[in-house]
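Some notes on the structure that comes next.
Reminder, nothing fancy here: chain letters follow the sequence lines and each chain counts from 1.
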Amino acid sequence: MSHDSVSLGFNQRVKMNKLQSKVFISVLLIPVTVFVVALFLVQCGGNESGKEIKIKNEEAGLVYVEQWMKLTREYITSEFISPPEASRIFAYTGLAIYESIIPAYDQNQSYASILNGQLSLPSSSDALGYDFITVMSECVYLVTEEALKRHVSTYDVSIKELRDQQIAQRRLLFEKVIIEKSIEHGQAMGNAFVKWMRTDGYDTTRANVLYQPPSRINNPAGWEPTDFGQVPMEPFWKELRPFVIEDKELCNSGKPIEFSTDSSSAFYKAAYELVEYDKNITSEQMEIILFWADCPGDTPTPAGHWNAIMGQLVSQKNLSLIITARIYAVVGMGISDAFILCWKKKYEINLVRPKTYIQDFIGPDDWEPFVETPPFPEFTAGHAVISGTAAGLLTTLIGDSVGFTDGFHNSIGLMSREFDSFYEAASEAGMSRVYGGIHYRFTIEKSKSQAKCIVEQVVKKLEL
Amino acid sequence: MKMKSVLLLAIIVMFIALEQSVAQTPFDQRLIKDYLGTIPHSNMFNGKDMKYQLAHKRYDGKMYYYNLILSSNGSKDVIIPLLVRNLLNSAYFEFTFNNQPKIVLMGIYSKTRKWLRIKGNVSEKCKIKGEEWARIDGLEDYSELVLSILKEMDANVDISCIISEKH
């Protein structure tokens, strides 16, 4: 080979150089050019027909997700929606966001087939391709309307306007054919969701309005409404279908400590502790009470507070669109299931509230907790169960010892609170109910156990 | 006779309409006014009548800022800052003292159930013996609400003592 090269004349060497150049051009330059042009087309939205299009402009997707969540939180607040119902709404919205965009990442990570109640979503493996953010806007619009249908007037156009505004923005990035196809697919997704939502037992429980708590005569441990005119909240919520938990008998959380009116008993001491807190409340405890009050009407309830924490984590931790969507879906479903199991326990155990116990057995007989006692039985504690569940799932998804700042109440002038972990925040939320005089401390501890079990079940089922 | 009945009916209707219009005044409109009143035989001024003025300063979104000015005949005015957080269902009344940000006294008013409860982080020496913060029910009117807050404070804590303390 080397001999041949040496024997070549000048012209031959020139020809050889030209040949090498052609080879160089064809082997290296052409593919590079093709690659650059392809990259340009993908970046600039050129001819995208004929192939599956992944998520373009993720930042806009993150903005849209937060717009949906903010709108939902605002409706839940302004419409005085109850805490259990709020959790259901957030769960469906979060899941709709996630399932709308997951085909752009990895269809195998869809939760649809493993959730309770056979959620059958249309396939997105179409040759034409989609803008999955348009799919999301359309699907979430339909799901949000269904979830809020009993609270929002048909004349209220805010939900439709948000959908229209988002899709109008996407039209600037994609060809009409892709947008129309994406809207169509989003509608099919939304309709599948709505069909599934209508089988979860929510509509049937709306008809069950009559509930009479068991009499406290000969049953001093029993709960009764603590104020004249209080109506028991969602006594049939346990009948709803959970998203993930298959067996509602799981995560039973046991029983409260033995009821007693003896002044040396653990139960009496647990109630007396609240009297002491009430007498000697500190400034920080008052701030904690206010921070975690999460009352319907004032706020989007505890589920909405955690939803807002998730929204803040997106910017604080620079979360990607898919991670954000997964968090809203998984934590939303976990909290919703936690409410079902917690409410089941509440009406089964039917434990007396501290206000009634203290008035009857400790005194004075007009003793009042600082915070208004809510209209449902004491055991287990809703905020503690759902906060523990949220903390456990966020720890699984984002990490242990993740510090964060919660400035959710900045709009009403409350200082942000700093937490070294999600569990620290959950623990504080639980204790706020003890400081406020509406839960016994032992209930908060048992509620943490219930939350831990719910987290384990969700992690196992969703393979997190 | 017929004329008298019509007149009487008209007066009753007008009275009901007036009551309704007062009741329907939006809560936030009531918050931007000043309120004046007197607590007779106050603890704060050693049995003398205590005059109070809730002077509205400004508001920022859901936060309404006031000065609560307390005085008695011949006494120097005592000024206590108050922040009211006006939410949809509740209003939180937060009193701070001595230019410190921490809440010393906090009142929760339920707009739907019309009751008020106040609690405080007050040292033992500033509590009035037999301290018992009562829940006040049936508070429809805002000036009545302000009066109840002042009565509760004066009945349960020695405000001069709180002011003299370093927080």
Side-chain angles (χ1 to χ4, degrees), chain A residues 73-83 225-231 274-275 277-291 293-301 355 359 363-375 409-415 435-438, chain B residues 27-28 58-65 81-98 100-124 126-127 130-138 152 156-157 162 165 167:
Chain A
R73 290 195 297 266
E74 285 170 357
Y75 271 119
I76 286 170
T77 305
S78 64
E79 299 304 313
F80 277 72
I81 293 176
S82 75
T226 56
D227 272 290
F228 178 74
Q230 261 193 350
V231 178
L274 307 187
V275 177
Y277 269 123
D278 196 59
K279 275 185 188 164
N280 304 303
I281 198 154
T282 68
S283 296
E284 192 187 12
Q285 285 164 356
M286 284 193 279
E287 282 169 18
I288 290 170
I289 288 169
L290 184 51
F291 192 83
D294 297 328
C295 298
D298 291 339
T299 70
T301 76
K355 173 177 166 174
Q359 287 185 348
D365 61 7
D366 61 350
W367 186 87
E368 282 288 340
F370 194 20
V371 174
E372 183 178 7
T373 302
H409 292 308
N410 288 165
S411 65
I412 58 163
L414 283 187
M415 299 283 280
Y435 303 148
I438 59 173
Chain B
F27 196 80
D28 49 2
R58 64 188 173 89
Y59 70 90
D60 177 10
K62 293 171 179 166
M63 293 171 289
Y64 292 73
Y65 296 88
L82 166 67
L83 164 64
V84 177
R85 293 180 211 276
N86 177 35
L87 309 184
L88 205 61
N89 186 46
S90 317
Y92 294 87
F93 294 76
E94 296 167 33
F95 292 94
T96 50
F97 288 79
N98 303 328
Q100 294 297 307
K102 71 177 186 180
I103 307 165
V104 177
L105 295 167
M106 183 162 89
I108 304 177
Y109 173 64
S110 167
K111 293 182 194 174
T112 45
R113 303 190 68 82
K114 312 289 182 198
W115 62 253
L116 167 80
R117 183 86 205 279
I118 307 181
K119 292 300 297 179
N121 171 27
V122 179
S123 65
E124 284 302 320
C126 294
K127 289 178 181 174
E131 168 223 23
E132 190 192 329
W133 298 95
R135 189 177 98 172
I136 316 291
D137 290 294
E152 276 293 289
N156 289 293
V157 291
I162 298 173
E165 279 192 324
H167 286 273

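- A:Thr299 does not touch chain B: none of its heavy atoms, backbone or side chain, sits under 4.5 Å away.
- Of the residues considered (A:Thr282, A:Asp227, A:Thr77, A:Asn280), A:Asp227 shows the highest number of contacts with chain B, using heavy-atom pairs under 4.5 Å.
- For a residue to count as touching a neighbouring chain, one of its non-hydrogen atoms must lie under 4.5 Å from one of that chain's; by this rule B:Trp133 does not touch chain A.
- Remark: B:Arg117 is not positioned above the aromatic ring of A:Phe370, lacking an NZ or CZ atom under 6.0 angstrom from the ring centre and at most 45 degrees off the axis.
- Proximity to chain A is limited to the side chain of B:Thr112, based on heavy atoms less than 4.5 angstrom apart.
- Residues B:Leu83 and B:Tyr92 form no side-chain contact, since every pair of their non-hydrogen atoms from C-beta on lies 4.5 Å or further apart.
- With contacts defined as side-chain heavy-atom distances shorter than 4.5 Å, the pair B:Tyr109/B:Val84 does not qualify.
- Using a 4.5 Å cut-off between heavy atoms, B:Ser90 touches chain A through backbone and side chain atoms alike.
- Heavy-atom distances place the side chain of B:Lys127, and not its backbone, under 4.5 Å from chain A.
- The heavy-atom pair separating A:Arg73 from A:Pro300 by the smallest distance is O-CB, 3.6 Å.
- Of the two parts of A:Asp298, the backbone and the side chain both hold a non-hydrogen atom closer than 4.5 Å to a non-hydrogen atom of chain B.
- Side-chain contact between B:Arg85 and A:Leu414 is present, with heavy atoms from C-beta onward closer than 4.5 Å.
- Only the backbone of A:Pro296 comes within less than 4.5 Å of a heavy atom of chain B; no side-chain atom from C-beta onward does.
- Side-chain contact between B:Met106 and B:Glu94 is present, with heavy atoms from C-beta onward closer than 4.5 Å.
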